[in-house]
Amino acid sequence: MAIINVMNVMATDPLVERYLNHLRIEGGLARNTIESYRRDLAKFQSYLAREGVPALERVTSASLRKFLAVLRAAKLSSPSSARCLSAVRGWLRFLRVEQLIEHDPAAGVAVGRPGLRLPRTLSRDEVTALLDLPPQPSLEDARDRTMTEVLYATGLRVTELVKVEAAQVDLAVGCLRVTGKGSKQRLVPMGETARRLLQQYVDDVRPQLLKTRRSRHLFVSRRGGAMSRQGFWKMLKLRARRAGIQHAVSPHVLRHSFATHLLEGGADLRAVQAFLGHANIATTQIYTHVERERLKAVHTRYFPRRAR
């Protein structure tokens, strides 16, 4: 059943825009996060329009449960359904606090806990194949190799990577100052290989790409503009194909691989949280399966009553 067919409703609903402005200003949420809320609330408004619900005062807990059933009938995944319902609940709660509706129909309505989806990662051999591709004689290839190395070495989100400015790089120390979700800044170290490649890029490649132009962005195109998220995504897919990796590789897969490989190597979960820029340790705990496996291996190896 189609549930997204009145997307333009969102552009004209002042109550939705009021809530999104609240999230943007008071919550400090990133633009991409705001747009995700916008899309999820559009699904709800589309549903209300189709059901002929004339006003928010007529929305009941039964309406929300039926909406959830519609999401499931549309074969939306459990995490996506949960996220959508969370956006609707937050909006209705906001309207109740602002006294724009008399009661909160979402109170008591819950979605089933979504199943744990372990992030897909690359093996260490696959990462090596991806990062050690034979170089090609082009400035773009040198830039792309550097970006891929830096992404894996730091675990940045792709948006953070393409938005890094040249002034935010400290090559002497080997770290980047990045702006993450909610406009929060953090320092992220990188390995020596990434630092060396980045030094070569800054000294030789970037000036040739820019020629006489100026740009505040670190990673640039021949036109002087910043590398786009979509452009990096496509480039990474092509490099993965060249490396002989059969399954899909995305920037987020590299980010997950960074975190997983750190934990496998003995890193503390709190340190990984800081590297990834997670505000809450609960977000990082999706990687605790790695921690559990490592602890089991340590126990098996060192416990004095292990099987002989």
Exercise. Is the shortest distance from a Lys or Arg side-chain nitrogen in Arg186 or Glu160 to a carboxylate oxygen in the other one below 4.0 Å?
Worked result: yes
For this session: Decide, yes or no, whether a salt bridge links Asp141 with Arg239 under the criterion of side-chain N to carboxylate O below 4.0 Å.
Result: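 Salt bridge present between Asp141 and Arg239.
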Problem set entry | Arg222: salt bridge (charged side-chain N to carboxylate O under 4.0 Å, His left out) partners, not counting sequence neighbours |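 Arg222: salt bridge (charged side-chain N to carboxylate O under 4.0 Å, His left out) contacts with Glu140.
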For this session: Under the salt bridge (charged side-chain N to carboxylate O under 4.0 Å, His left out) rule, collect the residues that match up with Lys66, sequence neighbours excluded.
Result: Glu51
Within a strict 4.5 Å, meaning less than it, do heavy atoms of the [X] and [Y] side chains meet?
X	Y	value
Leu122	His256	no
Arg206	Val220	yes
Thr179	Lys163	no
Leu64	Phe44	yes

Mind listing the side-chain donor-acceptor pairs of residues 225-236 below 3.5 Å, one per line with the distance, residues two or more places apart or on another chain?
residue: Ser228; atom: OG; partner: Gly231; partner atom: N; Å: 2.9
residue: Arg229; atom: NE; partner: Thr159; partner atom: OG1; Å: 2.9

Exercise. So Tyr19 and Phe94, would you call those rings parallel, tilted or perpendicular, with 30° and 60° as cut-offs?
Worked result: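 Tilted, since the angle between the ring planes falls between 30° and 60°.
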Problem set entry | Glu165 and its side-chain hydrogen bond (donor to acceptor under 3.5 Å, both in side chains) partner, picked from His217, Arg216, Arg177 |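 Of the listed options, the one satisfying the test is Arg216.
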For this session: Identify whether Val88 and Ile34 are in the same connected component of the hydrophobic contact network (ILVMFWY, side-chain heavy atoms under 4.5 Å).
Result: yes
Exercise. Is there a path of hydrophobic side-chain contacts, each under 4.5 Å between heavy atoms of I, L, V, M, F, W or Y residues, that connects Met190 with Tyr152?
Worked result: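 Met190 and Tyr152: one cluster.
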Exercise. NZ/Lys43 to CG/Leu48 distance, rounded to the nearest 0.5 angstrom?
Worked result: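 Between atom NZ of Lys43 and atom CG of Leu48 there are 14.5 Å.
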Exercise. Do Asn21 and Arg18 meet the criterion of a side-chain donor-acceptor pair at a distance under 3.5 Å?
Worked result: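 No donor-acceptor contact under 3.5 Å links the two side chains.
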For this session: Evaluate whether atom CD of Gln185 has more than 12 neighbouring non-hydrogen atoms of other residues, nucleotides or ligands under 6.0 angstrom away.
Result: yes
Problem set entry | Heavy atoms of other groups near Gln99 CD, more than 12 under 6.0 Å | no
